[in-house]
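All values below come from the heavy atoms of this structure, side chains included, with hydrogens, waters and symmetry mates left out. Note that the structure is predicted; figures quoted are calculated from it, not measured.
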Amino acid sequence: MKKILINSHGYALLITLILVVFLLALSTMFVAASLNHSRQEQTVDNSNQAVVAAEMGTQYYVKNVENLVALEAKQFVPSVQAELDKIKIRFNISLSDYYGGRSYSKLGEFYDVCKPKLIAGNFVELLDCEINEMKKLQPSKFVQQLNAANLVSKVNLNEREVNDEKDLKYKITSIDIVQPTITSDIILNINVEGSMGTQVKRNLHSELNIGSPNFLSVEKTPIISYSDNAVSDIFEPPNDTGRICTIPANTNPSGTCTYAGNDLEGFLAAIPEGSDIIIKVTNYCAAIGTNSNCNFSAYDGQNVPIYIKPTNGVLDGGNANQLKDSIFYIDGFLDLNNMNQSSGNTIITRSIEMHNGVNMTDTTIVVMGNSGKTGLVKWKEQGANSLIIGQNSKMCVNLNAIKLDGADSSTNFNDNSFSFSGNGKIIYYPRITHAKLLPETANQVIYTDDFEDFLRQCSVSMINIDGEYQMESMENGDFNFETFINYNP
């Protein structure tokens, strides 16, 4: 039998070589994958660090821009004050000149918008209109100043390193300002680039909302100072255009009209409740249907202001018993016999004399006097308690224009003919010392050196008095900074 010899050592070597090659290839694949993963991690890490740098840059530049905006606001305020002063100058002319259409009163920036208020004759609404129109313009004008300031040029445009990491940097690329509408906020778009090395860069877009800053804080209450002209203004019917009152009463618009009829009380009763009508009367006696006795008794004024300027300077009011809800502005001398059981009345007059007993209840009498201190406050001096200031009543006296000394002067308040009842009080302006005047006591005899306070306490209308208007601008805008960052610009 033939024998075949097989050498197995050669196959083993071949198999070993194949395994070695396979393992080497597999190792190479693993090494390559590992290196690729490492590079990916490095790339992601660099990208994340670039985003972090952009975030840090955004915080840095937003704070810088906030400071710059606040600085620009302080520099903007003087221009606001200048515009406010223009309004103040226009409103410090007399009402007669203003409503008469003086040429320079029509040169204001807001005349066309606010002209309806001028025609309507409402002085306070006209002032409010001009101030409100000015407020609307301030945000857009402030944006104009921000644009002119070129905020980008005022921040550090060079790349900034993060904590001495020379490869990690950020820089601002642009600042854009969104022009606001009347109702929208001011938005600043701030774009910042963060970088890691020279290859990896990331951009962040942030919106800095600075709101709609208010650069104005205006106190519109007039500061009223005493003068003869101020007293005269009190007795002038507001916004009087000479219009005659029409019949029936409910056909009259708001404002002043002159009553030329002979049934004033009936006319007043027909005026709709809540109406703003004001009545001017030249001949009061004729207006109430009598030319012999202008009696105030049992008269219901319906709380409608009535301005009376007697032709001879004296209004003979006769008796005023049961006078009710009447508001009289009498530019002259009021001559009364008596007044009892009255309620809800306010009587403002230059001078007054009361011949018989007067027990004021729920009534205010204001004596404004005349220039040269010729005004009078007189009552019956014979007998005790001839003049009683009773429950819910006040007597107000302008001592600047009242005659206290010499012949035919005002009655002595210290006389026993004068007394109080209930919570009645007397209010003097200004604070002076005189033998005829009562000493100050809490809640009964009151002195004030503030003319405006005197008029307010005594229920005297100040609508027609020219006064200084306090208009102060704020030191800077009222900002409320808010920031939104967009990570996918």
Side-chain angles (χ1 to χ4, degrees), residues 231 296-297 314-323 326 328 330 332-370 373-449 451 453-455 457-460:
V231 172
F296 280 6
S297 288
V314 178
L315 176 60
D316 183 359
N319 294 323
N321 298 319
Q322 298 179 355
L323 179 67
S326 297
F328 292 115
I330 303 169
F333 191 107
L334 176 59
D335 198 318
L336 281 180
N337 287 330
N338 52 36
M339 176 189 287
N340 296 291
Q341 298 179 335
S342 59
S343 63
N345 307 298
T346 301
I347 301 173
I348 300 99
T349 183
R350 293 278 190 173
S351 296
I352 190 170
E353 183 169 6
M354 296 159 280
H355 297 282
N356 299 321
V358 172
N359 185 358
M360 292 170 52
T361 55
D362 194 20
T363 291
T364 296
I365 293 179
V366 185
V367 185
M368 296 304 304
N370 298 305
K373 290 192 174 184
T374 58
L376 294 173
V377 184
K378 303 186 74 174
W379 60 89
K380 180 183 176 181
E381 290 185 86
Q382 293 78 25
N385 302 324
S386 295
L387 173 58
I388 302 173
I389 303 181
Q391 186 70 17
N392 298 328
S393 294
K394 290 180 283 189
M395 174 168 275
C396 303
V397 183
N398 172 25
L399 299 175
N400 276 331
I402 297 298
K403 184 178 182 181
L404 293 173
D405 298 306
D408 194 27
S409 59
S410 296
T411 306
N412 187 348
F413 287 92
N414 274 310
D415 190 86
N416 66 356
S417 59
F418 177 91
S419 63
F420 295 100
S421 175
N423 61 0
K425 64 182 67 174
I426 189 166
I427 302 174
Y428 292 123
Y429 168 84
R431 188 183 304 274
I432 65 173
T433 301
H434 194 280
K436 285 187 175 182
L437 302 179
L438 295 167
E440 187 168 13
T441 59
N443 301 320
Q444 191 172 73
V445 180
I446 300 169
Y447 285 82
T448 176
D449 289 318
F451 184 57
D453 175 62
F454 171 74
L455 298 179
Q457 288 196 67
C458 300
S459 304
V460 179

Straight-line distance of [X] [atom1] to [Y] [atom2], nearest 0.5 Å:
{"X": "Phe333", "Y": "Leu315", "atom1": "CZ", "atom2": "CG", "result": "11.0 Å"}
{"X": "Asp449", "Y": "Phe454", "atom1": "CG", "atom2": "CZ", "result": "12.0 Å"}
{"X": "Asn337", "Y": "Lys380", "atom1": "CG", "atom2": "NZ", "result": "11.0 Å"}
{"X": "Glu353", "Y": "Asp335", "atom1": "CD", "atom2": "CG", "result": "5.5 Å"}

Checklist line | Asn400: side-chain contact (heavy atoms from CB on, under 4.5 Å) partners, not counting sequence neighbours | finding: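 Residues passing side-chain contact (heavy atoms from CB on, under 4.5 Å) with Asn400: Tyr226, Asn398, Tyr429, Pro430.
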Notebook entry, point to check: Asn321: what forms a side-chain contact (heavy atoms from CB on, under 4.5 Å) with it, not counting sequence neighbours?
Noted result: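 If we apply the side-chain contact (heavy atoms from CB on, under 4.5 Å) test to Asn321, skipping adjacent residues, the hits are Ser297, Asn319, Asn338, Asn340.
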Item checked: Full working for side chain to side chain donor-acceptor pair (under 3.5 Å) between Thr346 and Ser459 -> CA-CA 7 Å; Thr346 301; Ser459 304; 5.0 Å; no
Margin query: My understanding is that only residues two or more places apart in sequence, or in another chain, count here; which of them pass side-chain hydrogen bond (donor to acceptor under 3.5 Å, both in side chains) with Ser409?
Written below: Lys436
Item checked: Partner residues of Lys378 under the side-chain hydrogen bond (donor to acceptor under 3.5 Å, both in side chains) criterion, sequence neighbours left out ->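 For Lys378 the side-chain hydrogen bond (donor to acceptor under 3.5 Å, both in side chains) partners, ignoring immediate neighbours, are Asp408.
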Next item on the list: Determine whether more than 12 heavy atoms belonging to other residues, nucleotides or ligands lie under 6.0 Å from atom CD of Gln341.
Entry: no
Next item on the list: Taking ring-ring contact (aromatic ring centres under 6.0 Å, His included) as the test, write out the residues that go with Tyr428, two or more places apart.
Entry: Phe413, Tyr447
Next item on the list: Using modelled atom types only, decide if a donor and an acceptor are shared between the side chain of Asn414 and the backbone of Leu437 within a distance under 3.5 Å.
Entry: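 At least one qualifying donor-acceptor pair exists.
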Checklist line | Counterpart residues, salt bridge (charged side-chain N to carboxylate O under 4.0 Å, His left out), relative to Asp405 (two or more places apart) | finding: none
Notebook entry, point to check: Taking it one step at a time, do Asp362 and Asn345 satisfy side chain to side chain donor-acceptor pair (under 3.5 Å)?
Noted result: CA-CA 7 Å; Asp362 194 20; Asn345 307 298; over 6 Å; no
